[in-house]
Amino acid sequence: MKSLYEKLLREVALGLELDLSDRQIDQLTTHFALLVRWNQRMNLTALRRHEQIATRHFEESLLLAKILTSEMCRRQPLIVDVGSGAGFPGLPLKVVRSAMPIVLLEPNKKKAAFLKEVIRSCALEEAEVQAERLSETARGSLAGRASLVTMRAVAATVDVLADLGRLLQSDGQIALFVGEKDAAKLAKAPGFHWEEPVAIPHSERRVILTGRLASSINR
């Protein structure tokens with residue numbers, strides 16, 4: 001089956017015009033295979049068709065890797081992926097931006113165990129999992145340290161946005177996977193300067209919304 005996963009991932013990368021090495025494809029394939037295997041005994045994703053997993057999970061994550069600017073690779077780079085779940089977008093993003101340390105934030109201990117297994121199997125360096133909630137992390141050791149915070153499967157409420165802001169460096173970047181209507185509401189939220197949302201391919205009215213921390217945010 002790994003040959004099928006590899007084929008689907010190469011098609012995704014080609015469609016995004018993303019030049020990935022054989023090692024990167026192999027790491028993504030390993031993640032794919034582990035996701036399918038572990039999903040048989042725990043709920044990591046509701047998707048069952050391999051083509052859907054490739055486009056809905058891996059393609060969306062790799063799209064983020066493509067649209068992010070090199071500015072995030074600053075002197076003290078750190079990605080924090082909030083509510084990482086099955087590892088999206090954090091793990092594919094780490095594969096592409098291998099030099100950037102990453103923390104996968106996942107309070108569910110079973111999902112956290114899965115993430116650790118993917119990190120081990122893919123031999124990802126400077127990647128760790130913290131099994132705690134955002135509200136705890138935002139006031140703990142990661143406060144003010146992240147150059148990039150990503151969030152895909154968590155509702156971006158006012159309180160959540162405030163906690164995301166607490167994780168960021170002063171010029172930190174944020175990337176949210178949301179619906180078009182939610183993106184329009186978030187664009188009016190204080191504390192961030194937002195860019196124009198990027199439409200997600202093979203998706204109905206979903207976008208990636210990126211922004212930067214405004215100096216006025218309450219830390």
Side-chain angles (χ1 to χ4, degrees), residues 31 35 42-46 57 60-61 64-65 68 72 74 76-94 97 100-119 124 126-179 181-183 185-195 197 200 206-219:
H31 181 189
L35 172 59
M42 61 182 289
N43 184 29
L44 288 168
T45 176
H57 292 317
E60 291 187 12
S61 301
L64 176 59
L68 286 172
M72 71 174 186
R74 48 178 62 89
Q76 294 179 316
L78 175 66
I79 303 171
V80 177
D81 186 33
V82 177
S84 197
F88 305 104
L91 287 174
L93 187 57
K94 171 61 179 175
R97 304 276 186 167
M100 291 191 70
I102 190 168
V103 174
L104 305 174
L105 198 62
E106 176 49 59
N108 183 295
K109 287 184 169 50
K110 290 183 179 180
K111 292 179 180 179
F114 167 76
L115 296 172
K116 291 176 182 179
E117 177 60 18
V118 177
I119 289 171
L124 295 174
E126 293 189 286
E128 64 175 282
V129 181
Q130 289 192 12
E132 60 185 31
R133 298 186 180 280
L134 170 61
S135 57
E136 299 169 335
T137 305
R139 293 162 178 79
S141 60
L142 291 180
R145 290 182 53 199
S147 55
L148 172 67
V149 172
T150 61
M151 191 174 71
R152 184 169 179 263
V154 181
T157 64
V158 173
D159 289 342
V160 167
L161 278 179
D163 282 339
L164 295 178
R166 292 185 177 95
L167 290 174
L168 288 169
Q169 299 172 12
S170 59
D171 58 346
Q173 197 170 1
I174 186 172
L176 308 175
F177 292 71
V178 294
K181 291 183 178 179
D182 290 330
K185 293 178 182 178
L186 289 169
K188 300 175 184 177
F192 294 90
H193 296 302
W194 300 103
E195 304 292 337
I200 296 174
R206 294 178 63 248
V207 299
I208 298 177
L209 181 66
T210 60
R212 293 190 178 279
L213 190 65
S215 58
S216 60
I217 193 167
N218 180 18
R219 302 183 70 85

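Since this is a predicted model, take the numbers as computed values, not measurements.
- Counting all heavy atoms, side chain and backbone alike, Val207 lies closest to Ala183 at CG2-CB, 3.7 Å.
- Using a 4.5 Å heavy-atom threshold, the side chains of Phe88 and Leu64 count as separate.
- Distance alone, capped at 3.5 Å, is enough to place a donor-acceptor pair between the His31 side chain and the Ala86 backbone.
- Put simply, the side chain of Arg97 does not reach to within 4.5 Å of the side chain of Leu148, judged on heavy atoms.
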Test side-chain contact (heavy atoms from CB on, under 4.5 Å) applied to Lys188 and Leu186, step by step:
CA-CA 5 Å; Lys188 300 175 184 177; Leu186 289 169; over 6 Å; no
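- The closest side-chain heavy-atom distance from Arg152 to Pro89 is below 4.5 Å.
- Side chain of Trp194 to backbone of Thr210: no donor-acceptor contact under 3.5 angstrom is found.
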Test side-chain contact (heavy atoms from CB on, under 4.5 Å) on Glu126 and Ile102 and set out the steps.
CA-CA 6 Å; Glu126 293 189 286; Ile102 190 168; over 6 Å; no
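- For the pair Leu161/Val158, no side-chain contact is recorded, criterion being any heavy-atom separation below 4.5 Å from C-beta on.
- Scanning all heavy atoms of the two residues, the minimum distance from Glu132 to Thr137 falls at OE2-OG1, 2.6 Å.
- Partner Leu134 forms a side-chain contact (heavy atoms from CB on, under 4.5 Å) with one of Val154, Leu167, Val149, Asp159 and no other, that one being Leu167.
- A distance of 4.5 Å separates CG of Leu164 from CD1 of Ile174, quoted to the nearest 0.5 Å.
- Panel note: side chain Lys94, backbone Met100; a donor-acceptor pair is recorded below 3.5 Å.
- Using a 4.5 Å heavy-atom cutoff, the side chains of Gln130 and Leu104 are not in contact.
- Glu136 contributes a side-chain N or O that, together with a main-chain N or O of Arg133, makes up a donor-acceptor pair within less than 3.5 Å.
- The shortest heavy-atom contact between Asp163 and Ser135 is OD2-CA, 3.6 Å.
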So Leu124 and Leu91, side-chain contact (heavy atoms from CB on, under 4.5 Å) or not? Walk me through it.
CA-CA 9 Å; Leu124 295 174; Leu91 287 174; 3.9 Å; yes
Side chains of residues 110-118: which donor-acceptor partners sit under 3.5 Å, not counting sequence neighbours?
{"residue": "Glu117", "atom": "OE1", "partner": "Arg120", "partner atom": "NE", "Å": "3.2"}
{"residue": "Glu117", "atom": "OE2", "partner": "Arg120", "partner atom": "NH2", "Å": "2.6"}
{"residue": "Glu117", "atom": "OE2", "partner": "Ser121", "partner atom": "OG", "Å": "3.1"}

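- With contacts defined as side-chain heavy-atom distances shorter than 4.5 Å, the pair Arg166/Arg139 qualifies.
- Contact check on Glu195 versus Arg212 returns no salt bridge, with no Lys/Arg side-chain nitrogen under 4.0 Å from an Asp/Glu carboxylate oxygen.
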Applying side chain to side chain donor-acceptor pair (under 3.5 Å), run through Gln169 and Ser147 and close with a yes or a no.
CA-CA 6 Å; Gln169 299 172 12; Ser147 55; 4.6 Å; no
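- Between Leu68 atom CG and Ile208 atom CD1 the span is 8.0 Å, to the nearest 0.5 Å.
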Counting only pairs under 3.5 Å, give me each side-chain donor-acceptor contact of residues 77-85, with atom names and distances, residues two or more places apart or in other chains.
{"residue": "Asp81", "atom": "OD1", "partner": "Thr150", "partner atom": "OG1", "Å": "2.6"}
{"residue": "Asp81", "atom": "OD2", "partner": "Ser84", "partner atom": "OG", "Å": "2.7"}
{"residue": "Asp81", "atom": "OD2", "partner": "Gly90", "partner atom": "N", "Å": "3.1"}

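- Using a 4.5 Å cut-off on side-chain heavy atoms (C-beta onward), Met151 and Phe177 make no contact.
- Checked against salt bridge (charged side-chain N to carboxylate O under 4.0 Å, His left out), Asp182 has no partners two or more places apart in sequence or in another chain.
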